[in-house]
Amino acid sequence: MLIQSNEDKISALYLCADIFDYPANNDYIQKIQSLEFLCEKTFKEIDISFVQSEYIRIFSINSTKLKCVPYASWWIDGKMAGLSTSKIKNFYKRCGYAFDQVLVEKPVDHISLMITFIAILLEENRLEEIYEFKKFLSWLDNFSDSLNKATQIKYFQYAINITSQIINSLQEKV
């Protein structure tokens with residue numbers, strides 16, 4: 001993995017989390033370009049309108065058919081808002097955090113929130129908590145495979161792979 005310093009790992013995690021938010025404007029493109037720069041990776045030209053339609057197609061309209069559901073409970077429990085959702089929410093609370101559901105506008109088990117949480121824990125050097133939280137991310141490899149099959153946009157899969165690599169590199173230190 002090219003990313004070595006904790007600061008770069010934190011930045012990469014925040015960028016990976018942002019990639020799984022809806023691509024509302026050109027700031028989204030800048031985040032992808034920042035991830036490219038940080039990881040020394042280049043993706044093909046990005047058209048924001050194509051990314052928006054593709055995002056809706058793979059993460060909303062056809063998410064279950066394509067197995068690109070960005071929620072941990074779907075992968076872990078086989079349904080949305082399953083038992084794992086409350087376990088994840090309790091884990092956040094136990095670590096001293098709670099996401100404002102009105103402000104965030106997505107469930108606590110959405111992949112972008114989960115990656116953001118790992119970045120926060122890494123900022124605070126809470127490696128034990130990251131190691132423990134990883135159990136809620138056991139589905140990332142399957143999600144990555146599904147993304148690879150579902151879309152020609154490769155940075156979604158790349159963001160998952162970078163996230164997994166960073167988490168695994170941190171486990172070595174625990």
Side-chain angles (χ1 to χ4, degrees), residues 1-76 80 88 99 104-123 130 133-134 136-173:
M1 177 171 57
L2 295 172
I3 303 169
Q4 295 299 320
S5 75
N6 268 2
E7 290 170 351
D8 285 348
K9 289 176 183 179
I10 292 163
S11 295
L13 286 169
Y14 279 123
L15 290 167
C16 289
D18 289 344
I19 283 173
F20 289 99
D21 281 334
Y22 179 74
N25 55 42
N26 284 329
D27 288 347
Y28 187 85
I29 303 298
Q30 290 177 314
K31 291 174 183 178
I32 293 167
Q33 291 168 340
S34 295
L35 185 63
E36 286 177 323
F37 178 78
L38 188 62
C39 299
E40 298 178 11
K41 175 86 174 161
T42 304
F43 300 103
K44 64 183 193 173
E45 190 68 30
I46 304 160
D47 172 45
I48 192 68
S49 60
F50 174 72
V51 175
Q52 289 169 334
S53 63
E54 195 67 349
Y55 186 95
I56 291 167
R57 183 183 74 81
I58 63 174
F59 296 124
S60 183
I61 296 171
N62 293 318
S63 65
T64 55
K65 178 181 166 189
L66 297 172
K67 296 183 178 162
C68 291
V69 180
Y71 302 102
S73 60
W74 188 85
W75 292 91
I76 297 169
M80 299 294 290
I88 291 167
F99 290 97
V104 175
E105 298 179 342
K106 59 182 71 119
V108 296
D109 67 332
H110 189 276
I111 188 64
S112 66
L113 292 180
M114 295 178 77
I115 297 171
T116 297
F117 183 64
I118 293 167
I120 291 167
L121 291 176
L122 184 54
E123 281 180 312
I130 293 171
F133 190 70
K134 185 182 178 197
F136 298 117
L137 297 166
S138 61
W139 52 280
L140 290 186
D141 288 342
N142 293 332
F143 186 52
S144 177
D145 291 343
S146 294
L147 289 168
N148 186 44
K149 294 172 188 169
T151 183
Q152 63 185 352
I153 297 176
K154 296 303 174 196
Y155 57 80
F156 291 129
Q157 180 188 16
Y158 188 71
I160 293 300
N161 295 342
I162 287 294
T163 298
S164 294
Q165 287 177 13
I166 291 171
I167 293 168
N168 290 334
S169 77
L170 298 173
Q171 274 187 235
E172 297 164 3
K173 297 178 182 180

With sequence neighbours excluded, what pairs up with Phe37 under the ring-ring contact (aromatic ring centres under 6.0 Å, His included) test? none
Side chains of Trp74 and Thr64: closer than 4.5 Å at any heavy-atom pair? yes
Rounded to the nearest 0.5 Å, what separation is found between the CG atom of Leu137 and the CD1 atom of Ile88? 7.5 Å
Just checking Tyr158 against Tyr155, ring centres under 6.0 Å apart? no
When rounded to the nearest 0.5 Å, the distance separating CG of Leu13 from CD1 of Ile130 is 8.0 Å
Side chain to side chain contact (heavy atoms under 4.5 Å, CB included) assessment of Ile10 paired with Ile166: CA-CA 9 Å; Ile10 292 163; Ile166 291 171; over 6 Å; no
Sidechain-backbone polar pair: Ser53 side chain, Phe50 backbone, donor-acceptor under 3.5 Å: yes
dist Glu54:CD -> Ile153:CD1 (nearest 0.5 Å) comes out at 5.0 Å
Apply side-chain contact (heavy atoms from CB on, under 4.5 Å) to Asp27 and list each qualifying residue two or more places apart in sequence or on a separate chain. Asn25, Gln30
Could you list the donor-acceptor pairs under 3.5 angstrom formed by side chains in residues 114-123, with sequence neighbours left out?
unit_1, atom_1, unit_2, atom_2, d
Thr116, OG1, Ser112, O, 2.8
Glu123, OE1, Tyr14, OH, 2.7

With sequence neighbours left out, the residues meeting ring-ring contact (aromatic ring centres under 6.0 Å, His included) with Phe156 are Phe20, Phe59
Enter the distance from Leu140:CG to Ser144:OG here, rounded to the nearest 0.5 Å. 8.5 Å
Heavy atoms of Asn148 and Lys154 approach each other most closely as OD1-NZ, 3.0 Å
Side-chain (Tyr28) to main-chain (Ile19) donor-acceptor, under 3.5 angstrom: yes
Between CG on residue Asp18 and CG on residue Leu35, distance to nearest 0.5 Å: 10.0 Å
Flag side-chain contact, heavy atom, 4.5 Å: Trp75 against Ser138: no
Output the distance between atom CD1 (Ile56) and atom OG (Ser63), rounded to the nearest 0.5 Å. 12.0 Å
Who pairs with Lys106 by salt bridge (Lys or Arg N to Asp or Glu O under 4.0 Å), at least two apart in sequence or on another chain? Asp21
Nearest heavy-atom pair of Val69 and Trp139: which atoms, and what distance? O-CZ3, 4.1 Å
Do Gln52 and Tyr22 come close enough that some side-chain heavy atom pair is under 4.5 Å? yes
Please confirm whether the backbone N or O of Gln4 pairs with a side-chain atom of Asp8, one donor and one acceptor, at under 3.5 Å? no
Spell out, as yes or no, whether a donor-acceptor pair under 3.5 Å connects the side chain of Thr151 to the backbone of Leu147. no
Would you please name every residue forming a salt bridge (Lys or Arg N to Asp or Glu O under 4.0 Å) with Lys67, sequence neighbours left out? none
Are the side chains of Cys68 and Asn62 in contact, using a 4.5 Å heavy-atom criterion? no
Here the pair of heavy atoms bringing Thr163 nearest to Ala159 is OG1-O, 2.8 Å
State, yes or no, whether a side-chain contact exists between Met80 and Asp109 at a heavy-atom distance under 4.5 Å. no
